[in-house]
Amino acid sequence: MLVLAHVSDLHFDGGRRNVKRAGRVMKYLNGLPGRVDAVLVTGDIADRGRPDEYQQARAILDTDIPVLCLPGNHDDRSEYRTHFLNEEGSGPINRAHMIGDAIVAMCDSSVPGRPGGLLADETITWLRAVLDDAPPAAPILIAAHHPPQKLFTPIVDRILLDDTDPLEEIIRSDSRIVGMFCGHAHTSAVTTFAGVPLVVAPSVSSVLGPEWEGDGRSHDPVVDYDAPPAIAFHVIDDDHRLTTHFRSIAKTNSAHGFRRSAQPTLPT
Ligand SMILES: [Fe+2]
Ligand SMILES: [Fe+2]
């Protein structure tokens, strides 16, 4: 069994608010008495892609748990490389990781200068190579910032992943692929894509409301900055089935905040 903590859209902006929220999440994860195999961060790590924002991210995401990251539309590839990864290069930042017996393919769906997403030809070629190289019995998880599926959140539905056919063809032709994980939407959402579960993590920084939480006329997003930061936990069991739990990290919700009831009361 594999457990992945899915953290998204931290939007470090140089200020204290989002540092505190992300710090609360990492303190919670670091303090869990149980096992988390990796932390998945699906983009919008920085808010404007500035060096100081990546310095904040590096400090807060410094943990003994393996941290798997990819960029979002608020990230800047060049600054992300230089100040977050400490490396050189150009083009999409794609990474494949082996966590336990699973392969996690972290795909860069960002498009420099645009809020919407796209898997570049280079990324599609890379993903096919990852699958070719993956062990025949390995469960495979695909992650990208932009969801490939409409979510009924007006502002997000205009800036989803574009040209999804190649990704759909890849997923439909490989039965090892267990599911897909995304961020970007700032809301917990579950749907399907290409016949597998598509799970969108909540944001650490804010909540974006779906269309029925707005007035139906305005295109202004419904944003809740007061909601506590939230994350998802993905469990991949020995049958390669995905189960997801969502967790809000309230101020009092430390790893030690859960208490067993001394006298559990059961309905009779
Ligand atoms: Fe975001
Ligand atoms: Fe985004």
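Since this is a predicted model, take the numbers as computed values, not measurements. Note that ligands are numbered from 1 as they come in the structure, with each ligand's atoms numbered from 1 the same way.
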Is there side-chain contact between R48 and E53, with heavy atoms separated by less than 4.5 Å?
yes
ang(NE2 H186, the Fe ion (ligand 1), OD2 D9) rounded to 10° is 90°
Once you round to the nearest 0.5 Å, how far does CG of D44 lie from OG of S203?
8.0 Å
Check this for me, if you would: do D37 and R35 make a salt bridge, where the nitrogen-to-carboxylate-oxygen distance has to be below 4.0 angstrom?
yes
Heteroatom of D44 nearest to the Fe ion (ligand 2) (N, O or S, atom name)
OD2
For ND1 in H184 and OD1 in N73, the angle at the Fe ion (ligand 2) (nearest 10°) is 90°
Identify which one of T42, N73, D108 satisfies the side chain to side chain donor-acceptor pair (under 3.5 Å) criterion when paired with H145.
N73
To the nearest 0.5 Å, how far apart are CG in L127 and CG in L167?
7.0 Å
Counting backbone and side-chain atoms alike, does H146 have an N/O/S atom under 2.8 Å from the Fe ion (ligand 2)?
no
Using 2.8 Å as a strict upper limit, say whether an N, O or S atom of H11 approaches the Fe ion (ligand 1) that closely.
yes
